[in-house]
Enquirer: 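My questions will all concern the structure given below.
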Amino acid sequence: VLRNPFYFLVNVALPNMLFAAMAGLQFFVDVDKVADRASISLTLLLVCASYFQFSSSLVPRLGYLTILDKHSLWCIFLVIVMVFWVGII
């Protein structure tokens, strides 16, 4: 089976990077509006988690993490850091 890596880059890796970058948009919301900032971060966290579920259904089950899995988990980790950052500031 020959896989096209460009397909996975465009359909999985690029959206994950955009979701992680969109989590940074919370810093453009006023600091006094904590609920708005938290809703942005938590919504993006849920989107990242569901997109990770979707992207894992595209590839066969393996006993180890692929580069694509590591990339997706790293993006989810960045969004989690942003969620905690809302609680700190």
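These figures come from a predicted structure and were not determined experimentally.
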Enquirer: Checking the side chain of Q26 only, and the main-chain atoms of A38 only, is there a donor and an acceptor separated by less than 3.5 Å?
Expert: no
Enquirer: Quick one: does S55's side chain have a donor or acceptor within less than 3.5 Å of a partner on F52's backbone?
Expert: yes
Enquirer: Okay, side chain of S39, backbone of D36: is any donor-acceptor separation there less than 3.5 Å?
Expert: yes
Enquirer: Between I76 and I40, is there shared hydrophobic-cluster membership here, with clusters defined by ILVMFWY side-chain heavy atoms closer than 4.5 Å?
Expert: yes
Enquirer: Consider only side-chain N and O atoms of S72 and D69, and report whether a donor and an acceptor are under 3.5 Å apart.
Expert: no
Enquirer: If you take all heavy atoms of F19 and L44, which pair is closest and at what distance?
Expert: O-CD1, 4.0 Å
Enquirer: Taking all non-hydrogen atoms of both residues, which atom of R37 and which atom of V31 are closest, and how far apart?
Expert: NH1-CA, 3.7 Å
Enquirer: So which heavy atom on V79 is nearest to which on A23, and how close?
Expert: CG2-CB, 4.1 Å
Enquirer: Between L58 and V47, is there a shared hydrophobic cluster once you connect ILVMFWY residues whose side-chain heavy atoms come closer than 4.5 Å?
Expert: yes
Enquirer: On a heavy-atom basis, which atom in C75 and which in M17 lie closest, and how many Å separate them?
Expert: SG-N, 4.0 Å
Enquirer: Same cluster for M22 and V29 if Ile/Leu/Val/Met/Phe/Trp/Tyr side chains link at under 4.5 Å?
Expert: yes
Enquirer: With heavy-atom distances below 4.5 Å as the criterion, would you say the side chains of V34 and V86 are in contact?
Expert: yes
Enquirer: So with a 6.0 Å cut-off around CG of L62, is the heavy-atom count from everything else above 12?
Expert: yes
Enquirer: Give me the atom names and distance for the closest heavy-atom approach of Q53 to S56.
Expert: O-OG, 2.8 Å
Enquirer: Using the rule that Ile, Leu, Val, Met, Phe, Trp and Tyr join whenever any side-chain heavy atoms are under 4.5 Å apart, tell me whether Y51 and V10 fall into a single cluster.
Expert: no
Enquirer: Could you check whether any side-chain heavy atom of V81 comes within less than 4.5 Å of a side-chain heavy atom of F84, counting everything from C-beta outward?
Expert: no
Enquirer: Find out if a path of hydrophobic residues (ILVMFWY) with successive side-chain heavy-atom gaps under 4.5 Å connects W74 to L9.
Expert: no
Enquirer: Look up atom CG in L73 and atom CG in L78, then write down how far apart they are to the nearest 0.5 Å.
Expert: 11.0 Å
Enquirer: For atom CZ of F77, is the number of surrounding heavy atoms from other residues, nucleotides or ligands below 6.0 Å larger than 12?
Expert: no
Enquirer: Could you tell me if the side chain of V59 sits less than 4.5 Å from the side chain of V12, heavy atoms only?
Expert: no
Enquirer: Any side-chain heavy-atom pair from L45 and I80 closer than 4.5 angstrom?
Expert: yes
Enquirer: Which heavy atom of V83 sits nearest to which heavy atom of S41, and what is that distance?
Expert: CG2-CB, 3.5 Å
